[in-house]
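Quick caveat, the model's predicted, so the values are computed rather than measured.
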Amino acid sequence: MYEPIRTKSVHALADTADFPHRTREEELNIQLAGHLSALLAVTDELGLDEAAESIAAQIARLRGAPPARHAALTGADPAALHRRALALAGRALVVAASRADTAAAILSAERMDAHTAALREPRLVAAH
């Protein structure tokens with residue numbers, strides 16, 4: 001009465017050896033390095049060399065290699081760059097805290113404080 005099923009079920013589990021898997025720790029490392037890399041680009045744009053070197057050191061620690069640096073300047077509004085850096089540092093802080101990376105968390109919190117202070121400067125507020 002019923003036709004037997006001749007094909008594999010679409011609900012069958014895939015063979016786990018067919019594709020690479022990363023641990024949660026590896027995924028968080030990749031995510032943290034990405035947020036820090038974006039923060040590095042904005043920090044370089046702002047010309048904050050000392051802070052940029054600290055960020056680059058953390059990226060190198062996470063990736064095992066120094067980060068590529070962005071040399072071109074966009075001429076963006078400094079207040080907008082500080083707001084972007086503040087958001088990126090906040091994202092990095094969340095990921096660093098979730099993976100219990102104290103060094104990256106401290107660096108991210110310091111960058112958040114620095115960008116918050118920069119945004120309070122009257123010259124940046126007037127420029128925006």
Would you check if [X] and [Y] make a side-chain contact, meaning some heavy-atom pair closer than 4.5 Å?
| X | Y | answer |
| --- | --- | --- |
| Ile55 | Glu50 | no |
| Arg63 | Ser37 | yes |
| Arg83 | Leu86 | no |
| Asp101 | Arg61 | yes |

Distance check, rounded to the nearest 0.5 Å: [X] atom [atom1] versus [Y] atom [atom2]?
| X | Y | atom1 | atom2 | result |
| --- | --- | --- | --- | --- |
| Asn29 | Arg99 | CG | CZ | 4.0 Å |
| Ile30 | Leu62 | CD1 | CG | 10.5 Å |
| Leu36 | Leu107 | CG | CG | 6.5 Å |
| Met112 | Arg91 | CE | CZ | 11.0 Å |
| Ser98 | Leu93 | OG | CG | 9.5 Å |
| Arg24 | Gln31 | CZ | CD | 9.5 Å |

Given the rule that I, L, V, M, F, W and Y join up when any side-chain heavy atoms are under 4.5 Å apart, are [X] and [Y] in one cluster?
| X | Y | answer |
| --- | --- | --- |
| Leu88 | Leu46 | yes |
| Leu119 | Leu39 | no |
| Val42 | Ile59 | yes |

Exercise. Are the charged groups of Arg84 and Asp77 less than 4.0 angstrom apart, N to O?
Worked result: no
Problem set entry | Glu53/Arg69 ion pair, N-O < 4.0 Å |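 Yes, this pair counts.
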For this session: Verify side chain to side chain contact (heavy atoms under 4.5 Å, CB included) between Glu110 and Asp113, making sure each step is shown before the conclusion.
Result: CA-CA 5 Å; Glu110 288 172 349; Asp113 289 345; 5.6 Å; no
Can you name the closest pair of heavy atoms from [X] and [Y] and give their distance?
| X | Y | result |
| --- | --- | --- |
| Glu45 | Ala76 | OE2-N, 3.8 Å |
| Pro67 | Leu40 | CG-CD2, 3.7 Å |
| Arg22 | Glu27 | NH1-OE2, 3.0 Å |
| Ala104 | Leu32 | CB-CD2, 3.8 Å |
| Ala92 | Ser108 | CB-OG, 3.4 Å |

